[in-house]
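In what follows, a single structure is set out as structure tokens and then discussed.
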Amino acid sequence: MKEIITGAEALMRALMNEGVDTIFGYPGGSIMPVFDAMYDHRHNFRQVLVRHEQGATHAAEGYARSSGRVGVCIVTSGPGATNTLTGISDAILDSTPIVVIAGQVASGVLGTDAFQEIDLVGVTQPISKWSYQIRRAEDIAWAVARAFYIARSGRPGPVVLDFTKNAQVSQVAYEPAELGKIRSYVPYPKPLPEAVKAAAELIGRAQRPYALVGQGVELGEAHEELKAFLEKGNIPAARTLLGLSALPSDYPLTMGMLGMHGNLSCNINTNQADVIIAIGMRFSDRVTGDLTTYAKQAKIIHLDIDRAEIDKCVKADIPVIGDCKETLPLITELMPEGSHKEWIESFADYDAIEQERVIDKALNPKEGPIKMGEVARCVSDATNNSAILVTDVGQNQMMACRYFKYTKPHSVLTSGGLGTMGYGLPAAVGASMAVPDRTVCVFMGDGGFQMNMQELGTIMEQRVPVKMILMNNNYLGNVRQWQEMFYNNRYSWTPMMNPDYNMIASAYGIPSRLVVKREELADAVREMIETPGAFLLHVAVEEEDNVMPMIPPGASICDMVLE
């Protein structure tokens, strides 16, 4: 005989059936039966009370991206639900698997503008892989199984479950649901043999082949398959912002980072290659610059699991649709061994220019205020380049991603598609909880830090050992840089009057240190790394430091500004 339980308890059982071990959330009236049921499952789930629902979604994202598992958050209806929209949007653009469960008013009063009622399904359908309203307790097991299957399969993404209060309190004969497929949903399309063969043949004929590596390699766990492909073809590779840790920083065939603030050689040689192999990347505008001048000389091979990305921005001569963990070995097997020594060496000439005019100034300044780049490299060195880098958004993000180094997969967590200020701190909380054996370092600017600074309370309560690096330049730095370069130094609304951040950290019981002088930096970083638990390293950096190189908005990737 099946056990009769409440819908709220059925949700707990369904989450356990999916292997959930951590839940980020914030209670409220319309979800209270679920939180009451959770009280009896304190030994089954790590229950993390965040300080804002946006923080819950970003923490779930950080948990998912660092671990490869689905992140989960539970919130109430109305403002609790709408506060998750930024995180859901962030997750859909960056292909992050999270499940957001929100309370909803009872089915009988839907459409009456009841207290804290909002049409969450209508609001979230455009920004999620699937959004569904649970109105009956009998549908809970099926809906949860479907939600997790959709969130983690194929191209991952966010799923939203809108959970009416009557379904939470109704009685149901619970039975676990298992889901192996959904009719009309094909998350792993089978690659066409003729496309694989054509790709291998084109690569074999190439004189200047070039691989553009995106996050799809990380999502597909195709790191070794990628290396085998590159090594057989002797093909240089550049990485997108979200694909940075798909290859170790010192891997011989990785040339650096693509994009607006990427490496000079990587961008220039995009317009020199004769065959471009795009692997799990979507040709974002921040990578391509002006599309009318982008890689017009090259044949394009595009490997992607999502056919919607094919021809969306850049026309593919040979699309290879499928999981790159499957498609890369198929191409590697058919293509001949390559030798492209002169082509690979051509990157070095541009690297030397960037080293002299940009990197040396960022990492080894002779005098003046502390530079953001030297802070990022100092922290990376102190962790033996093995930490997880989490960033907020802005200059701190670009500097950290440029100068941090990576030795392990899944080592870069940053908001790419949405560019969400406030992402860093809660995402670092989620990452630290997901992979407690790794050091998590989050870089933030003074603007982004204040957007979700309340999550210091979560760090305090949960004793999360996050290493926080605040690079404080008393500006909204990225906007200020654009104002300097394109708006005649008219610093409108970008200078910031800041609080005493060390005093704030102290109020949460978090040790901290303020660094103003360069000669104090290395010792302060060492103190941060060696201090058990959380630590705030507050560094006063040059106020008008700029992130260079830079492709001006709307310009060609060949028109990078170096200084």
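Predicted, not measured: the structure shown is a model, and the values here were computed from it.
Ring pair His58/Phe24: centre-to-centre distance not below 6.0 Å. Proximity of the aromatic rings of Tyr132 and Trp142 is defined here by a centroid distance below 6.0 angstrom, and this criterion is met.
Between Glu225 and Lys325 there is a salt bridge, with a side-chain nitrogen of the basic residue lying less than 4.0 Å from a carboxylate oxygen of the acidic one. Between Lys227 and Glu224 there is a salt bridge, with a side-chain nitrogen of the basic residue lying less than 4.0 Å from a carboxylate oxygen of the acidic one. Salt bridge annotation for Glu309-Arg155: present, with a cationic side-chain nitrogen under 4.0 angstrom from a carboxylate oxygen. Ion pairing between a basic and an acidic side chain is recognised when a charged N comes within 4.0 Å of a carboxylate O; Glu374 and Lys361 show no such pairing. Salt-bridge annotation for Arg402 and Glu354: present, with a side-chain N of the basic residue lying under 4.0 Å from a carboxylate O of the acidic one. A salt bridge is defined here as a Lys NZ or Arg NE, NH1 or NH2 lying under 4.0 Å from an Asp or Glu carboxylate O, and Glu61 with Arg65 fails to meet this definition.
Distance check: Asn44 CG to Leu15 CG gives 10.5 Å after rounding to the nearest 0.5 Å. Within the model, atoms CD of Glu530 and CE of Met528 stand 10.5 Å from one another, a figure rounded to the nearest 0.5 Å. Note that OH of Tyr63 and CD1 of Ile23 are 10.0 Å apart. Values are rounded to the nearest 0.5 Å.
For the side chain to side chain contact (heavy atoms under 4.5 Å, CB included) criterion with Tyr423, the lone passing option out of Asn452, Leu413, Leu418 is Leu413. Residue Arg438 is tested with Ser411, Ser66, Ser386 for a side-chain hydrogen bond (donor to acceptor under 3.5 Å, both in side chains); the sole match is Ser411.
Not a single side-chain hydrogen bond (donor to acceptor under 3.5 Å, both in side chains) links Thr22 to another residue, sequence neighbours left out. Scanning for side-chain hydrogen bond (donor to acceptor under 3.5 Å, both in side chains) contacts around Asp360 gives Gln355, with sequence neighbours left out. For His261, there are no ring pair (Phe, Tyr, Trp, His ring centres under 6.0 Å) partners two or more places apart in sequence or in a different chain. In this structure, Thr96 has no side-chain hydrogen bond (donor to acceptor under 3.5 Å, both in side chains) partners at least two apart in sequence or on a different chain.
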Exercise. Can you check side-chain contact (heavy atoms from CB on, under 4.5 Å) on Tyr350 and Met255, steps first, answer last?
Worked result: CA-CA 11 Å; Tyr350 298 111; Met255 302 295 112; over 6 Å; no

For this session: Verify side-chain contact (heavy atoms from CB on, under 4.5 Å) between Asn267 and Cys558, making sure each step is shown before the conclusion.
Result: CA-CA 7 Å; Asn267 286 313; Cys558 292; over 6 Å; no

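Environment of CD in Glu342: sparse, with no more than 12 heavy atoms of neighbouring residues, nucleotides or ligands closer than 6.0 Å.
Sorted by first then second residue, the side-chain hydrogen bond (donor to acceptor under 3.5 Å, both in side chains) pairs that include residues 272-287, not counting sequence neighbours, number zero.
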Would you list the atom pairs, donor with acceptor, under 3.5 Å between side chains in residues 210-223 and any protein atom, with sequence neighbours excluded?
| unit_1 | atom_1 | unit_2 | atom_2 | d |
| --- | --- | --- | --- | --- |
| Tyr210 | OH | Cys266 | O | 2.8 |
| Gln215 | NE2 | Asp94 | O | 3.0 |
| Glu218 | OE1 | His223 | NE2 | 2.6 |
| Glu218 | OE1 | His410 | N | 3.0 |
| Glu218 | OE2 | Ser245 | OG | 2.4 |
| Glu218 | OE2 | His410 | N | 3.2 |
| Glu221 | OE1 | His410 | NE2 | 3.4 |
| Glu221 | OE2 | His410 | NE2 | 2.7 |

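Using cut-offs of 30° and 60° on the angle between ring planes, the pair Tyr406 and Phe404 is tilted.
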